Chemist: 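Submitted below is the structure of interest, expressed as structure tokens.
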Amino acid sequence: MLRTQVGIVGAGPAGLVLSQLLAREGIESIVLEARDRAYVEGRVRAGVLEHGTADLLEAIGAGQRMRAQGLVHRGIELRFGGQSHRIDFAELVGKSITVYGQQEVIKDLIAVRLQQGGAIHFDTEAYAVDGLDTARPVVRYRKADGSGGELACDFVAGCDGFHGTCRNAVPPNQLAFFERTFPFSWFGILAETPPASQELIYTNHERGFALISMRSPSVSRLYLQCAVDEDPGAWPDQRYWEELAARLAGYDAPEVKPGRVLARGVTGMRAFVVAPMRYERLFLAGDAAHIVPPTGAKGMNLAVADVLVLSRALVAFYTSRRLDLLDAYSDTCLRRVWKAQRFSSWMTSMLHRFDAHTPFERRLQLAELDYVTSSRAASQALAENYVGLPLD
Ligand code: FAD
Ligand code: DHB
């Protein structure tokens, strides 16, 4: 049987940042990850790091490549009704964001953990968590080669994402679930074409939402609003480029030039929160506890914020046997989580096409966009949330 202080399930941003934060305070952990290393390092997902997330990655020794290759953005562009407006984060709130792929963050975190002797067990899927109401919980796992084992620990960090197993270890009557689904999805591609603009462009268009993002000076990340049940197979690349061009037509900025498509996929738009984020010796963090619709670019950032709170609570426990921060963990996280839910739902509602909208509701949506781009107070509120609410 393996033995450690904190058993971490999942090597996503939450699990890896937690393990690094703990190691820096002399607390031991073992990370169990169901997939292989190449898979987790290659999974194309988020791209926007809040100001505080970027600072934290640097502070834990995983920021060197991000600072060298990440793209610092001082604002975003919002487009609607033929008009283009810039929200100037630097001027409004004195902060910026960094565009740097989640898979790069993952590569950097894995490299620093392994280099410092950290334990990450890939191809190791947790299938049960027992003894949570005892002082010695156990995570049971099986390896890709069919062998199995157990990890005994003082605490379990459930960092295993939305489809993970840890949340299921909690008796259902101990949890409240809050959920909202949106009647559309995002069809995202990664393509070998230079970004059309220096900054991200969020577009509200009659044909549906479009987002232009990027990963490097030669690679763009593009998203189109699509049907919930959209079949990516029905979209030859040519059709994607034409639809994107249609949603971006009529503005001055240069067009996106079609390029080789490196990855494609459809992502649902869901909001989900579980409360509390703790059951006895199990602490849920990141997507295991909450999902936000992606329009506010908050998911990865929330995962990092959760484990910062958790690491501080665990440090207080191991250094002075304090339980108060562990007891406060869920409430502390959920206050920030609900604000991120509010922001993400608001951005989603403001920027997408809703087939069910009445003409009245459509005009309200345009008025919202007009207000947010013409009032300094409203622009500042968007900027404050986008760059990230304080971590403390
Ligand atoms: P995950 O990254 O899901 O990691 C969980 C890990 O646990 C995985 O590696 C999984 O393989 C492993 N696992 C699962 N079950 C088990 C098990 N039983 N045993 C062992 N291991 C297990 N967020 C942003 O902040 N900004 C953005 O711009 C953004 N854009 C996005 C765009 C897209 C298309 C998508 C899909 C997501 C986006 N997100 C964004 C959300 C972001 O990717 C997630 O919120 C983030 O990955 C959450 O991190 P996590 O560590 O909690 O979970
Ligand atoms: C990206 C994803 C988002 O959800 C978002 O709001 C902005 C950018 C991205 O993947 O680059």
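Small disclaimer: the values here were computed from a predicted structure and weren't measured. Start at 1 and go down the list; that is how both ligands and their atoms are numbered.
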Chemist: Given Tyr223 and Phe209, is the ring-ring contact (aromatic ring centres under 6.0 Å, His included) satisfied, shown in steps?
Modeler: CA-CA 8 Å; Tyr223 297 99; Phe209 170 78; 8.2 Å; no
Chemist: Is Tyr223 touching ligand 1 with its side chain, its backbone, both, or neither, if touching means heavy atoms under 4.0 Å apart?
Modeler: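 The answer is the side chain of Tyr223.
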Chemist: Report yes if Pro294 has an N/O atom closer than 3.5 Å to an N/O atom of ligand 2; otherwise report no.
Modeler: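 Yes, Pro294 has an N/O under 3.5 Å of an N/O on ligand 2.
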Chemist: Report the nearest protein non-hydrogen atom to atom 11 (O) of ligand 2: residue, atom name, distance rounded to 0.1 Å.
Modeler: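 Looking only at protein heavy atoms, the one closest to atom 11 (O) of ligand 2 is Ser213 OG, 2.6 Å.
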Chemist: In the protein, what heavy atom is nearest to atom 21 (N) of ligand 1, and what distance, to one decimal place, separates them?
Modeler: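 Ranking protein heavy atoms by distance from atom 21 (N) of ligand 1, first comes Ala34 N, 3.1 Å.
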Chemist: Asn301 heavy atoms, cut-off 4.0 Å: which ligand 1 atoms fall inside?
Modeler: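 Every atom of ligand 1 under 4.0 Å from some heavy atom of Asn301: 25 (O).
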Chemist: Please work out whether any backbone atom (N, CA, C, O) or any side-chain heavy atom from C-beta onward of Arg45 is under 4.0 Å from ligand 2, and answer side chain, backbone, both or neither.
Modeler: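 Just the backbone.
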Chemist: Starting from atom 7 (O) of ligand 1, what is the nearest protein heavy atom, named by residue and atom, and what distance separates them?
Modeler: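 Result: Gly10 CA, 3.2 Å.
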Chemist: Counting N and O atoms only, with roles assigned by atom type, does the side chain of Glu192 sit under 3.5 Å from a partner on the main chain of Leu262, one being a donor and the other an acceptor?
Modeler: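 Checked: no pair found.
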Chemist: Is any side-chain N of the basic residue among Glu206 and Arg362 closer than 4.0 Å to the acidic one's carboxylate O?
Modeler: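 Yes.
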Chemist: Hey, are Asp55 and Arg67 close enough for a salt bridge, meaning a charged N less than 4.0 Å from a carboxylate O?
Modeler: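 Looking at Arg67 together with Asp55, the answer is yes, because their closest N to O distance falls below 4.0 Å.
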Chemist: With a cut-off of 4.0 Å, which atoms of ligand 2 are near a heavy atom of Val48?
Modeler: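 Matching atoms, with element in brackets: 7 (C), 8 (C).
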Chemist: Would you call Lys143 and Asp123 a salt bridge, using N to O less than 4.0 angstrom?
Modeler: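 Here Lys143 does not pair with Asp123 in a salt bridge, since their nearest N and O are not under 4.0 Å apart.
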Chemist: Using a strict 4.0 Å cut-off to heavy atoms of Ala126, name the atoms of ligand 1 that fall inside it.
Modeler: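 Numbered from 1, ligand 1 contributes 17 (C), 18 (N), 19 (N), 20 (C).
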Chemist: Looking at Glu33 and Arg35, does any basic side-chain N land under 4.0 Å from a carboxylate oxygen?
Modeler: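 A salt bridge is absent here (no side-chain N lies under 4.0 Å from a carboxylate O).
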Chemist: Specify the protein heavy atom at minimum distance from atom 26 (N) of ligand 1: its residue, its atom name, and the distance to 0.1 Å.
Modeler: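 That would be Ala297 O, 3.1 Å.
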Chemist: Could you check whether Arg264 pairs with Asp237 (Lys NZ or Arg NE/NH1/NH2 to Asp/Glu carboxylate O, under 4.0 Å)?
Modeler: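 Asp237 and Arg264: salt-bridged.
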Chemist: Should the pair Glu150-Arg140 be classified as a salt bridge under the 4.0 Å nitrogen-to-oxygen rule?
Modeler: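 A salt bridge is present here (some side-chain N lies under 4.0 Å from a carboxylate O).
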Chemist: Considering the heavy atoms of Thr295, write down every atom of ligand 2 situated less than 4.0 Å from one of them.
Modeler: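 In order of numbering, the contacting atoms are 6 (O).
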Chemist: Just by distance, with hydrogens left out, do Arg113 and Gln20 show a side-chain donor and acceptor under 3.5 Å apart?
Modeler: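 Yes, side-chain donor-acceptor contact under 3.5 Å.
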Chemist: I want to know if ligand 2 touches Tyr202 in the polar sense, i.e. an N/O pair below 3.5 angstrom.
Modeler: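 Yes - when backbone and side-chain N and O of Tyr202 are compared with those of ligand 2, one distance drops under 3.5 Å.
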Chemist: Check each atom of ligand 1 against the heavy atoms of Gly47 and keep those under 4.0 Å away; list them by number with element.
Modeler: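 Listed by number with element: 27 (C), 28 (O).
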Chemist: From atom 49 (O) of ligand 1, work out which of Gly286, Pro13, Gly12 has a heavy atom at the shortest distance.
Modeler: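 Nearest heavy atom to atom 49 (O) of ligand 1 lies in Pro13.
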Chemist: Which heavy atom of the protein is the closest neighbour of atom 23 (N) of ligand 1, given with residue, atom name and distance?
Modeler: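 So the nearest neighbour among protein heavy atoms is Met300 N, 2.9 Å.
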Chemist: Classify the contact between Thr124 and ligand 1 as side chain, backbone, both or neither, using a heavy-atom distance cut-off of under 4.0 Å.
Modeler: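 Under 4.0 Å from ligand 1, Thr124 contributes backbone atoms alone.
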Chemist: Go through it in stages, so that I can follow the logic: the residues are Phe178 and Phe272, the test is ring-ring contact (aromatic ring centres under 6.0 Å, His included), and I'd like the CA-CA distance, side-chain angles, deciding distance and then a yes or no.
Modeler: CA-CA 6 Å; Phe178 303 87; Phe272 167 81; 9.1 Å; no
Chemist: Nearest non-hydrogen atom to atom 3 (O) of ligand 1 belongs to which of His163, Glu33, Arg45?
Modeler: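 It is Arg45 that holds the nearest heavy atom.
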Chemist: Checking Arg278 against Tyr329: charged group under 6.0 Å from the ring centre and within 45 degrees of the axis?
Modeler: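 No, Arg278 does not sit over the ring of Tyr329.
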Chemist: Please list, in number order, the atoms of ligand 1 under 4.0 Å from a heavy atom of Cys159.
Modeler: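 Once the distances to Cys159 are compared, the set is 5 (C), 6 (C), 7 (O).
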Chemist: Under 4.0 Å from any heavy atom of Thr267, which atoms of ligand 1 are there?
Modeler: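 This gives 34 (C), 36 (C) as the contact atoms.
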Chemist: At less than 4.0 angstrom from any non-hydrogen atom of Ala14, what atoms of ligand 1 do you find?
Modeler: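 Ligand 1 atoms under the 4.0 Å threshold to Ala14: 51 (O), 52 (O).
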Chemist: Should the pair Arg239-Glu242 be classified as a salt bridge under the 4.0 Å nitrogen-to-oxygen rule?
Modeler: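 No, no charged N to carboxylate O under 4.0 Å.
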Chemist: Distance under 6.0 Å and angle within 45° of the ring axis: does Lys95 meet both against Tyr386?
Modeler: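 Output no; distance or angle outside limits.
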Chemist: Near Gly164, which atoms of ligand 1 are under 4.0 Å from a heavy atom of that residue?
Modeler: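 Numbered from 1, ligand 1 contributes 15 (N).
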Chemist: Counting the benzene-type ring for Trp, do Tyr127 and Tyr141 have ring centres under 6.0 Å apart?
Modeler: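 For Tyr127 and Tyr141, the ring centres are not under 6.0 Å apart.
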Chemist: State whether Phe317 and Arg321 meet the cation-pi test: NZ (Lys) or CZ (Arg) under 6.0 Å from the six-membered ring centroid, and within 45° of the perpendicular axis.
Modeler: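 Because its charged atom sits under 6.0 Å from the ring centre and within 45° of the axis, Arg321 does stack over Phe317.
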Chemist: Of the side chain and backbone of Leu32, name the one, both, or neither that has a heavy atom under 4.0 Å from an atom of ligand 1.
Modeler: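 Looking at Leu32 and ligand 1, just backbone atoms fall under 4.0 Å.
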Chemist: Transitively linked via ILVMFWY side-chain contacts under 4.5 Å: Met300 with Leu389?
Modeler: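 No, it is not one cluster - the side chains of Met300 and Leu389 are not joined through contacts under 4.5 Å.
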Chemist: Answer with side chain, backbone, both or neither: which part of Trp186 has a heavy atom less than 4.0 angstrom from an atom of ligand 2?
Modeler: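 Within the 4.0 Å criterion, Trp186 contacts ligand 2 through side-chain atoms alone.
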Chemist: Could you tell me if any non-hydrogen atom of Arg215 lies under 4.0 Å from any atom of ligand 2?
Modeler: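 So Arg215 counts as touching ligand 2.
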Chemist: As an exercise, identify every atom of ligand 1 less than 4.0 angstrom from a heavy atom of Gly161.
Modeler: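 In order of numbering, the contacting atoms are 3 (O), 5 (C), 53 (O).
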Chemist: With a cut-off of 4.0 Å, which atoms of ligand 2 are near a heavy atom of Leu200?
Modeler: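 Near Leu200, meaning under 4.0 Å from one of its heavy atoms, ligand 2 has 7 (C), 8 (C).
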Chemist: What protein heavy atom sits nearest atom 47 (O) of ligand 1, and how far off is it?
Modeler: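 The protein heavy atom lying closest is Gln102 NE2, 2.7 Å.
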Chemist: Tell me which protein heavy atom sits closest to atom 1 (C) of ligand 2, plus the residue, atom name and distance to 0.1 Å.
Modeler: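 For this ligand atom, the closest protein heavy atom is Tyr223 CE1, 3.8 Å.
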Chemist: Is it the side chain (CB and beyond), the backbone, both or neither of Glu50 that lies under 4.0 Å from ligand 1, heavy atoms counted?
Modeler: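 For Glu50, no heavy atom sits under 4.0 Å from ligand 1.
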Chemist: How does Asp287 reach ligand 1, by side chain, by backbone, by both or by neither, if only non-hydrogen atoms under 4.0 Å count?
Modeler: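 Both backbone and side chain.
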Chemist: What's the shortest distance from atom 30 (N) of ligand 1 to any protein heavy atom, and which residue and atom give it?
Modeler: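 Atom 30 (N) of ligand 1 sits closest to the protein heavy atom Ala46 CA, 3.2 Å.
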Chemist: Note the single closest protein heavy atom to atom 14 (C) of ligand 1, along with its residue, its atom name and the distance in Å.
Modeler: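 Going by distance alone, atom 14 (C) of ligand 1 is nearest to Asp160 O, 3.1 Å.
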Chemist: When you measure from the centre of the six-membered ring of Phe182, is the NZ or CZ of Arg270 under 6.0 Å away and within 45° of the axis?
Modeler: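 No - Arg270 does not lie over the ring of Phe182 by the 6.0 Å and 45° rule.
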Chemist: To which of Arg43, Arg221, Arg35 does the heavy atom nearest atom 8 (C) of ligand 1 belong?
Modeler: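 It is Arg43 that holds the nearest heavy atom.
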Chemist: Please report the shortest heavy-atom distance between Phe89 and Ala383, naming the atom on each side.
Modeler: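 Closest heavy-atom pair between Phe89 and Ala383: CD2-CB, 3.6 Å.
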